[in-house]
Amino acid sequence: MSRNPTFVSPFHRPHCLAAAAPAGKAKLTHPGKAILAGGIAGGIEICITFPTEYVKTQLQLDEKANPPRYKGIVDCVKQTVDGYGVRGLYRGLSSLLYGSIPKAAVRFGVFEFLSNKMRDESGKLDSTRGLFCGLGAGVAEAVVVVCPMETVKVKFIHDQSSANPKYRGFFHGVREIIRTEGLRGTYQGLTATVLKQGSNQAIRFYVMTSLRNWYKGEDPNKAINPLVTGAFGAFAGAVSVFGNTPLDVIKTRMQGLEAHKYKSTLDCAVKIMKHEGPKAFYKGTVPRLGRVCMDVAIVFIIYEEVVKVLNKVWKTD
(Lines give C-alpha, C1' and ligand atoms only; values in the text may rest on other atoms or scores of the structure.)
Protein backbone atom coordinates (compact mmCIF):
# COMPACT_ATOMS: atom_id res chain seq x y z
CA MET A 1 0.00 0.00 0.00
CA SER A 2 1.47 3.36 -1.02
CA ARG A 3 2.05 6.11 1.49
CA ASN A 4 1.38 9.79 0.87
CA PRO A 5 3.11 11.75 3.65
CA THR A 6 2.03 15.36 4.08
CA PHE A 7 5.53 16.53 5.00
CA VAL A 8 9.00 15.24 4.36
CA SER A 9 11.94 16.70 6.27
CA PRO A 10 14.66 18.07 3.98
CA PHE A 11 17.26 16.33 6.16
CA HIS A 12 15.65 12.88 6.06
CA ARG A 13 14.12 12.19 2.68
CA PRO A 14 12.96 8.56 2.31
CA HIS A 15 15.36 6.33 0.45
CA CYS A 16 12.60 5.39 -1.99
CA LEU A 17 12.54 8.98 -3.25
CA ALA A 18 16.30 9.10 -3.64
CA ALA A 19 16.17 5.91 -5.69
CA ALA A 20 13.40 7.13 -7.99
CA ALA A 21 14.35 8.03 -11.54
CA PRO A 22 15.09 11.76 -11.79
CA ALA A 23 13.68 14.03 -14.47
CA GLY A 24 17.17 14.38 -15.90
CA LYS A 25 20.81 14.39 -14.98
CA ALA A 26 21.88 17.33 -12.84
CA LYS A 27 24.14 19.85 -14.54
CA LEU A 28 27.59 20.12 -12.98
CA THR A 29 29.34 23.42 -12.31
CA HIS A 30 32.85 23.67 -13.73
CA PRO A 31 35.38 24.48 -10.95
CA GLY A 32 36.69 27.37 -13.03
CA LYS A 33 33.26 28.98 -13.07
CA ALA A 34 32.96 28.34 -9.34
CA ILE A 35 36.26 30.11 -8.65
CA LEU A 36 35.27 33.18 -10.66
CA ALA A 37 31.69 33.34 -9.35
CA GLY A 38 32.86 32.75 -5.78
CA GLY A 39 35.42 35.54 -5.96
CA ILE A 40 32.85 38.04 -7.25
CA ALA A 41 30.32 37.01 -4.60
CA GLY A 42 32.87 37.23 -1.79
CA GLY A 43 34.01 40.74 -2.75
CA ILE A 44 30.49 42.17 -2.93
CA GLU A 45 29.35 40.50 0.28
CA ILE A 46 32.15 41.78 2.51
CA CYS A 47 31.60 45.39 1.45
CA ILE A 48 28.00 45.09 2.62
CA THR A 49 28.52 43.29 5.92
CA PHE A 50 31.91 44.43 7.27
CA PRO A 51 30.64 46.73 10.08
CA THR A 52 29.03 43.75 11.82
CA GLU A 53 32.33 41.85 11.58
CA TYR A 54 34.14 44.83 13.11
CA VAL A 55 31.74 45.01 16.08
CA LYS A 56 31.87 41.23 16.60
CA THR A 57 35.66 41.24 16.70
CA GLN A 58 35.81 44.19 19.10
CA LEU A 59 33.43 42.50 21.54
CA GLN A 60 35.39 39.25 21.41
CA LEU A 61 38.64 41.07 22.14
CA ASP A 62 37.03 42.99 25.00
CA GLU A 63 38.12 40.66 27.78
CA LYS A 64 36.53 40.93 31.24
CA ALA A 65 39.91 41.16 32.93
CA ASN A 66 40.63 44.57 31.41
CA PRO A 67 37.76 45.50 32.54
CA PRO A 68 35.32 45.65 29.59
CA ARG A 69 35.50 48.74 27.43
CA TYR A 70 32.11 48.24 25.78
CA LYS A 71 28.70 47.70 27.36
CA GLY A 72 27.34 46.00 24.28
CA ILE A 73 26.82 46.23 20.53
CA VAL A 74 25.25 49.70 20.51
CA ASP A 75 27.90 51.11 22.85
CA CYS A 76 30.68 49.66 20.69
CA VAL A 77 29.23 51.30 17.58
CA LYS A 78 28.70 54.61 19.42
CA GLN A 79 32.24 54.76 20.83
CA THR A 80 33.75 53.87 17.46
CA VAL A 81 31.74 56.48 15.55
CA ASP A 82 32.37 59.14 18.23
CA GLY A 83 36.09 58.50 18.18
CA TYR A 84 36.79 57.76 14.53
CA GLY A 85 33.65 58.63 12.57
CA VAL A 86 31.61 56.18 10.50
CA ARG A 87 34.81 55.20 8.65
CA GLY A 88 36.01 53.69 11.92
CA LEU A 89 33.53 50.85 11.45
CA TYR A 90 35.43 49.96 8.27
CA ARG A 91 38.89 49.82 9.84
CA GLY A 92 40.48 46.60 8.63
CA LEU A 93 38.19 46.32 5.57
CA SER A 94 41.10 46.35 3.15
CA SER A 95 42.70 43.30 4.74
CA LEU A 96 39.42 41.41 4.71
CA LEU A 97 38.52 42.52 1.18
CA TYR A 98 41.87 41.38 -0.18
CA GLY A 99 41.21 38.01 1.43
CA SER A 100 37.45 37.61 0.90
CA ILE A 101 37.73 37.39 -2.87
CA PRO A 102 40.26 34.52 -2.94
CA LYS A 103 38.61 32.92 0.12
CA ALA A 104 35.24 32.55 -1.57
CA ALA A 105 36.95 31.57 -4.81
CA VAL A 106 38.86 28.74 -3.10
CA ARG A 107 35.77 27.66 -1.12
CA PHE A 108 33.43 27.28 -4.07
CA GLY A 109 36.14 26.04 -6.42
CA VAL A 110 37.17 23.23 -4.07
CA PHE A 111 33.56 22.41 -3.19
CA GLU A 112 32.52 22.06 -6.82
CA PHE A 113 35.67 20.07 -7.64
CA LEU A 114 35.01 17.62 -4.80
CA SER A 115 31.25 17.45 -5.30
CA ASN A 116 31.65 16.72 -9.01
CA LYS A 117 33.70 13.67 -8.02
CA MET A 118 31.23 12.52 -5.36
CA ARG A 119 27.86 12.85 -7.13
CA ASP A 120 25.89 9.75 -8.06
CA GLU A 121 25.14 8.63 -11.62
CA SER A 122 22.22 11.08 -11.85
CA GLY A 123 24.45 13.98 -10.83
CA LYS A 124 22.87 14.28 -7.38
CA LEU A 125 24.90 15.09 -4.26
CA ASP A 126 23.44 13.71 -1.05
CA SER A 127 23.61 15.56 2.27
CA THR A 128 26.37 13.46 3.83
CA ARG A 129 28.67 13.90 0.84
CA GLY A 130 27.77 17.58 0.81
CA LEU A 131 29.03 17.76 4.40
CA PHE A 132 32.40 16.18 3.51
CA CYS A 133 32.78 18.40 0.43
CA GLY A 134 32.06 21.41 2.61
CA LEU A 135 34.61 20.22 5.16
CA GLY A 136 37.25 19.92 2.44
CA ALA A 137 36.40 23.38 1.11
CA GLY A 138 36.59 24.88 4.60
CA VAL A 139 39.98 23.35 5.40
CA ALA A 140 41.38 24.49 2.04
CA GLU A 141 40.23 28.08 2.46
CA ALA A 142 41.52 28.14 6.05
CA VAL A 143 45.06 27.13 5.12
CA VAL A 144 45.39 29.02 1.84
CA VAL A 145 43.59 32.27 2.67
CA VAL A 146 41.62 32.63 5.88
CA CYS A 147 44.28 32.20 8.57
CA PRO A 148 46.70 34.88 7.30
CA MET A 149 43.82 37.16 6.30
CA GLU A 150 42.02 36.86 9.65
CA THR A 151 45.25 37.33 11.62
CA VAL A 152 45.97 40.60 9.84
CA LYS A 153 42.34 41.74 10.19
CA VAL A 154 42.21 41.03 13.93
CA LYS A 155 45.55 42.78 14.50
CA PHE A 156 44.32 45.82 12.56
CA ILE A 157 41.10 46.07 14.57
CA HIS A 158 42.90 45.43 17.87
CA ASP A 159 45.54 48.01 16.93
CA GLN A 160 42.86 50.70 16.70
CA SER A 161 42.01 50.13 20.36
CA SER A 162 45.52 51.10 21.45
CA ALA A 163 46.49 54.67 22.40
CA ASN A 164 48.96 54.97 19.52
CA PRO A 165 47.94 52.84 16.50
CA LYS A 166 51.03 51.65 14.65
CA TYR A 167 49.55 50.28 11.41
CA ARG A 168 49.04 52.91 8.69
CA GLY A 169 47.38 50.65 6.15
CA PHE A 170 47.11 47.10 4.85
CA PHE A 171 50.51 46.74 3.20
CA HIS A 172 52.29 48.66 5.96
CA GLY A 173 50.59 46.48 8.56
CA VAL A 174 51.49 43.23 6.80
CA ARG A 175 55.07 44.41 6.36
CA GLU A 176 55.36 45.29 10.06
CA ILE A 177 53.83 42.00 11.20
CA ILE A 178 56.23 39.97 9.03
CA ARG A 179 59.19 42.17 10.04
CA THR A 180 58.58 41.76 13.76
CA GLU A 181 57.05 38.28 13.93
CA GLY A 182 58.09 36.59 10.72
CA LEU A 183 55.76 34.72 8.36
CA ARG A 184 54.49 32.79 11.38
CA GLY A 185 52.98 36.06 12.58
CA THR A 186 50.35 35.78 9.85
CA TYR A 187 49.52 32.19 10.77
CA GLN A 188 48.58 32.59 14.41
CA GLY A 189 45.67 30.41 15.45
CA LEU A 190 45.97 28.08 12.44
CA THR A 191 44.56 25.08 14.29
CA ALA A 192 41.57 27.05 15.57
CA THR A 193 41.04 28.55 12.12
CA VAL A 194 41.05 25.15 10.41
CA LEU A 195 38.61 23.80 12.99
CA LYS A 196 36.37 26.85 12.62
CA GLN A 197 36.36 27.04 8.81
CA GLY A 198 36.13 23.30 8.36
CA SER A 199 33.12 23.01 10.67
CA ASN A 200 31.62 26.23 9.24
CA GLN A 201 31.55 25.05 5.66
CA ALA A 202 30.70 21.45 6.57
CA ILE A 203 27.58 22.67 8.41
CA ARG A 204 26.61 25.25 5.78
CA PHE A 205 27.00 23.01 2.75
CA TYR A 206 25.29 20.13 4.55
CA VAL A 207 22.27 22.32 5.29
CA MET A 208 22.27 23.90 1.81
CA THR A 209 22.57 20.52 0.09
CA SER A 210 19.77 19.09 2.22
CA LEU A 211 17.45 22.02 1.58
CA ARG A 212 18.21 22.10 -2.15
CA ASN A 213 17.53 18.37 -2.53
CA TRP A 214 14.28 18.74 -0.61
CA TYR A 215 13.19 21.73 -2.71
CA LYS A 216 14.08 20.20 -6.07
CA GLY A 217 12.50 16.83 -5.30
CA GLU A 218 12.69 14.56 -8.35
CA ASP A 219 13.90 17.29 -10.73
CA PRO A 220 17.63 17.94 -10.09
CA ASN A 221 17.61 20.85 -12.56
CA LYS A 222 14.61 22.64 -11.05
CA ALA A 223 15.35 26.38 -10.82
CA ILE A 224 15.49 27.93 -7.35
CA ASN A 225 14.29 31.51 -6.88
CA PRO A 226 17.09 33.80 -5.56
CA LEU A 227 14.94 34.71 -2.53
CA VAL A 228 14.56 31.03 -1.68
CA THR A 229 18.32 30.56 -2.07
CA GLY A 230 18.85 33.52 0.26
CA ALA A 231 16.47 32.07 2.86
CA PHE A 232 18.24 28.71 2.70
CA GLY A 233 21.60 30.46 3.02
CA ALA A 234 20.51 32.55 6.02
CA PHE A 235 19.27 29.42 7.79
CA ALA A 236 22.51 27.55 7.01
CA GLY A 237 24.48 30.51 8.35
CA ALA A 238 22.46 30.62 11.59
CA VAL A 239 23.00 26.90 12.19
CA SER A 240 26.76 27.30 11.70
CA VAL A 241 26.92 30.25 14.12
CA PHE A 242 25.34 28.36 16.99
CA GLY A 243 27.43 25.33 16.11
CA ASN A 244 30.88 26.88 16.18
CA THR A 245 30.96 30.35 17.80
CA PRO A 246 33.20 29.02 20.63
CA LEU A 247 35.82 28.13 17.99
CA ASP A 248 35.47 31.60 16.50
CA VAL A 249 36.10 33.24 19.90
CA ILE A 250 39.19 31.09 20.48
CA LYS A 251 40.46 31.84 16.98
CA THR A 252 40.03 35.59 17.50
CA ARG A 253 41.92 35.51 20.81
CA MET A 254 44.73 33.47 19.24
CA GLN A 255 45.13 36.07 16.49
CA GLY A 256 44.93 39.24 18.61
CA LEU A 257 47.84 41.42 19.73
CA GLU A 258 47.89 39.60 23.09
CA ALA A 259 48.03 36.11 21.58
CA HIS A 260 51.37 35.57 23.34
CA LYS A 261 49.43 34.89 26.56
CA TYR A 262 48.29 31.55 25.16
CA LYS A 263 50.55 28.54 24.67
CA SER A 264 48.17 26.79 22.29
CA THR A 265 44.58 26.59 21.10
CA LEU A 266 43.74 24.28 24.01
CA ASP A 267 45.46 26.58 26.51
CA CYS A 268 43.44 29.51 25.16
CA ALA A 269 40.19 27.61 25.64
CA VAL A 270 41.16 26.56 29.19
CA LYS A 271 42.09 30.12 30.21
CA ILE A 272 38.88 31.58 28.79
CA MET A 273 36.85 29.02 30.74
CA LYS A 274 38.87 29.57 33.93
CA HIS A 275 38.92 33.38 33.97
CA GLU A 276 35.71 34.30 32.15
CA GLY A 277 33.37 31.34 32.33
CA PRO A 278 31.45 29.45 29.62
CA LYS A 279 29.44 32.50 28.53
CA ALA A 280 32.64 34.04 27.16
CA PHE A 281 32.67 31.41 24.40
CA TYR A 282 29.55 33.05 22.98
CA LYS A 283 30.69 36.67 23.14
CA GLY A 284 29.78 38.47 19.94
CA THR A 285 27.17 35.86 19.00
CA VAL A 286 24.43 38.39 18.18
CA PRO A 287 26.49 40.58 15.82
CA ARG A 288 28.07 37.46 14.33
CA LEU A 289 24.63 35.94 13.81
CA GLY A 290 23.46 39.02 11.92
CA ARG A 291 26.60 39.18 9.83
CA VAL A 292 26.82 35.47 9.02
CA CYS A 293 23.16 35.13 8.04
CA MET A 294 23.55 38.08 5.67
CA ASP A 295 26.95 36.81 4.54
CA VAL A 296 25.84 33.30 3.59
CA ALA A 297 22.55 34.45 2.07
CA ILE A 298 24.21 37.15 -0.06
CA VAL A 299 27.12 34.95 -1.13
CA PHE A 300 24.92 32.05 -2.24
CA ILE A 301 22.50 34.35 -4.09
CA ILE A 302 25.29 36.18 -5.96
CA TYR A 303 27.19 32.95 -6.59
CA GLU A 304 24.19 31.18 -8.11
CA GLU A 305 23.26 34.17 -10.28
CA VAL A 306 26.82 34.68 -11.54
CA VAL A 307 27.07 30.96 -12.39
CA LYS A 308 23.86 31.29 -14.44
CA VAL A 309 25.43 34.13 -16.44
CA LEU A 310 28.71 32.24 -16.88
CA ASN A 311 26.83 29.17 -18.14
CA LYS A 312 25.49 31.32 -20.99
CA VAL A 313 28.84 32.85 -22.02
CA TRP A 314 31.31 30.14 -20.97
CA LYS A 315 30.53 26.73 -22.45
CA THR A 316 32.27 23.89 -20.63
CA ASP A 317 30.04 20.92 -21.54
Answer whether the closest heavy-atom distance between the side chains of [X] and [Y] falls below 4.5 Å.
X      : Y      : answer
Val139 : Gln197 : no
Val207 : Phe235 : yes
Asp219 : Asn221 : yes
Thr193 : Lys251 : yes
Val143 : Val194 : yes
Glu304 : Pro226 : no
Arg204 : Ser240 : yes
Ile40  : Tyr303 : no

Do Phe111 and Phe132 have ring centres separated by under 6.0 Å?
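Not under 6.0 Å, so no.
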
Does the gap between the ring centers of Tyr90 and Tyr84 come in under 6.0 Å?
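Between Tyr90 and Tyr84, the centre distance exceeds or equals 6.0 Å.
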
Decide, yes or no, whether a salt bridge links [X] with [Y] under the criterion of side-chain N to carboxylate O below 4.0 Å.
X      : Y      : value
Glu276 : Arg253 : yes
Lys155 : Glu176 : no
Arg119 : Asp126 : no
Arg107 : Glu141 : yes
Arg69  : Asp75  : no

What's the spacing between [X] [atom1] and [Y] [atom2] if we round to 0.5 Å?
X      : Y      : atom1 : atom2 : result
Ile73  : Gln58  : CD1   : CD    : 13.0 Å
Glu112 : Thr29  : CD    : OG1   : 4.5 Å
Leu135 : Arg129 : CG    : CZ    : 15.5 Å
Leu59  : Lys71  : CG    : NZ    : 14.0 Å
Met273 : Ile250 : CE    : CD1   : 9.0 Å
Lys274 : Asp267 : NZ    : CG    : 10.0 Å

Least distance between heavy atoms, [X] atom then [Y] atom:
X      : Y      : answer
Leu28  : Gly123 : CD2-O, 4.4 Å
Ser100 : Gly42  : CB-O, 3.8 Å
Val249 : Phe281 : CG2-O, 3.3 Å
Val307 : Ala37  : CG2-CB, 3.8 Å
Phe50  : Leu93  : CZ-N, 3.5 Å
Ala234 : Ala297 : N-CB, 3.9 Å

Please answer: with hydrophobic residues joined when any side-chain heavy atoms are less than 4.5 Å apart, are [X] and [Y] in the same cluster?
X      : Y      : value
Leu310 : Ile44  : yes
Tyr98  : Ile101 : no
Phe232 : Ile301 : no
Tyr282 : Leu195 : no
Ile272 : Leu247 : no

Are there more than 12 heavy atoms of other residues, nucleotides or ligands under 6.0 Å from atom OH of Tyr167?
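For Tyr167, atom OH is crowded (more than 12 foreign heavy atoms under 6.0 Å).
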
If you draw a 6.0 Å radius around NZ in Lys308, do more than 12 non-hydrogen atoms from other residues or ligands fall strictly inside?
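Correct, the count exceeds 12.
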
Side-chain donor or acceptor of [X] paired with backbone N/O of [Y] under 3.5 Å:
X      : Y      : value
Lys271 : Lys261 : yes
Thr186 : Leu183 : yes
Asp159 : Lys166 : yes

Both conditions, 6.0 Å and 45 degrees, for the charged tip of Lys222 above the ring of Tyr215: are they met here?
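Cation-pi check for Lys222 and Tyr215: passes.
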
Distance alone, cut at 3.5 Å: any donor-acceptor contact between the side chains of Thr49 and Asp295?
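The answer is no; no qualifying pair exists.
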
Any donor-acceptor pair under 3.5 Å linking the side-chain atoms of Asn311 with those of Lys33?
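Judged by distance alone, the side chains do pair up.
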
For the residue pair Phe300 and Phe108, categorise the inter-ring angle as parallel (less than 30°), tilted (30 to 60°) or perpendicular (more than 60°).
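Perpendicular.
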
